[in-house]
Every structure is written in structure tokens, then in C-alpha cells.
Amino acid sequence: MATEDPTRQAPKKPIKDSVSNLVGLSSVLDLTFRLVGGVFVGGVMGYLLDRWLHTDPIFTLILGALGFVAGITTVVRRLSQQEKREEKERDGG
């Protein structure tokens, strides 16, 4: 019966793959927080403006929608920059 050598270590995953996965995860989380943050900040500003002016939640809706548009714009811009960067790396630049 063959026994395994106790001094032999199990093969380790390449560090590069782990780092690549963490970078991808941080990018996704960053984009999520940017999108949600835009809606949140716009909504809170609208809510405070509605309370100050004693109006219906019209400013909450308007500024929340503007925050959503700003968040989407930021996400699209960030993804296009990331795509250009990856394309440049693939081309050897």
C-alpha cells in the first residue's frame, strides 16, 4: 500500500488568478455602490428640499431620478475606460 509523502505540499493556486478575481470583485462592488450612491444622495437631497419647501415629494422623485441617471452615466463611463485599458493591455501597449 502506497503512502503519500508528508513533506510534499499540495499544489497552490497561482497568486495571479486570486488577485485577478479580487480586482474583478472590487470593480463590481465599486460600480454597484456608485449607482446606489447616486440614487441615495439625490433622493436625500430631494427629500430635504421637499421638507424645507413643504411640497409633495416632487423634488425627491426628480433628484432621485437625476441621481439614477448620474449613477448610470458613471457606471457606463467607468466600464468603457476599463474596456479600453484591457484592450490596450491585450495589444501589448
Side-chain angles (χ1 to χ4, degrees):
M1 179 169 201
T3 60
E4 292 185 25
D5 185 9
T7 59
R8 184 176 174 197
Q9 296 179 355
K12 296 181 180 180
K13 281 183 151 182
I15 293 176
K16 188 174 183 179
D17 289 344
S18 298
V19 171
S20 175
N21 290 339
L22 287 176
V23 168
L25 178 63
S26 69
S27 177
V28 169
L29 288 175
D30 177 53
L31 295 176
T32 303
F33 283 117
R34 286 180 185 269
L35 180 60
V36 172
V39 175
F40 181 76
V41 169
V44 168
M45 288 173 53
Y47 175 76
L48 293 174
L49 194 57
D50 280 329
R51 285 190 52 133
W52 183 53
L53 297 175
H54 304 289
T55 58
D56 289 334
I58 189 73
F59 289 109
T60 303
L61 294 174
I62 291 171
L63 292 179
L66 286 175
F68 177 74
V69 170
I72 291 291
T73 304
T74 302
V75 167
V76 169
R77 186 179 306 137
R78 186 75 160 226
L79 287 175
S80 72
Q81 288 174 351
Q82 183 177 351
E83 185 177 321
K84 287 178 185 176
R85 194 176 321 119
E86 289 174 357
E87 194 174 287
K88 194 175 188 180
E89 288 175 3
R90 270 183 277 156
D91 293 341

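Nothing fancy with the numbering, it's 1 onward along the sequence.
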Any chain of hydrophobic side-chain contacts (each under 4.5 Å) joining Val41 to Ile62? yes

Going by side chain to side chain donor-acceptor pair (under 3.5 Å), name the residues that satisfy it together with Thr55, two or more places apart in sequence or in a different chain. Asp50

If you count heavy atoms of other groups shown closer than 6.0 angstrom to CD of Glu83, is the number above 12? no

Among the clusters formed by ILVMFWY side chains lying less than 4.5 Å apart, do Val36 and Val44 turn up in the same one? no

Do the side chains of Leu35 and Val28 join up, straight or via other hydrophobic residues, at under 4.5 Å, putting them in one cluster? no

Give the other cluster members for Phe33, using side-chain heavy-atom distances under 4.5 Å between Ile, Leu, Val, Met, Phe, Trp and Tyr residues; answer none if it is isolated. Leu25, Leu29

Anything under 3.5 Å between a donor and an acceptor, one on a side chain of residues 63-76, the other on a protein residue two or more places apart or in another chain? List them.
unit_1: Thr73; atom_1: OG1; unit_2: Val69; atom_2: O; d: 2.7
unit_1: Thr74; atom_1: OG1; unit_2: Ala70; atom_2: O; d: 2.8

Output for pair (Lys88 NZ, Arg85 CZ), nearest 0.5 Å, gives 10.0 Å

Let me confirm one number: the CD-CG distance from Gln82 to Asp30, rounded to the nearest 0.5 Å. 9.5 Å

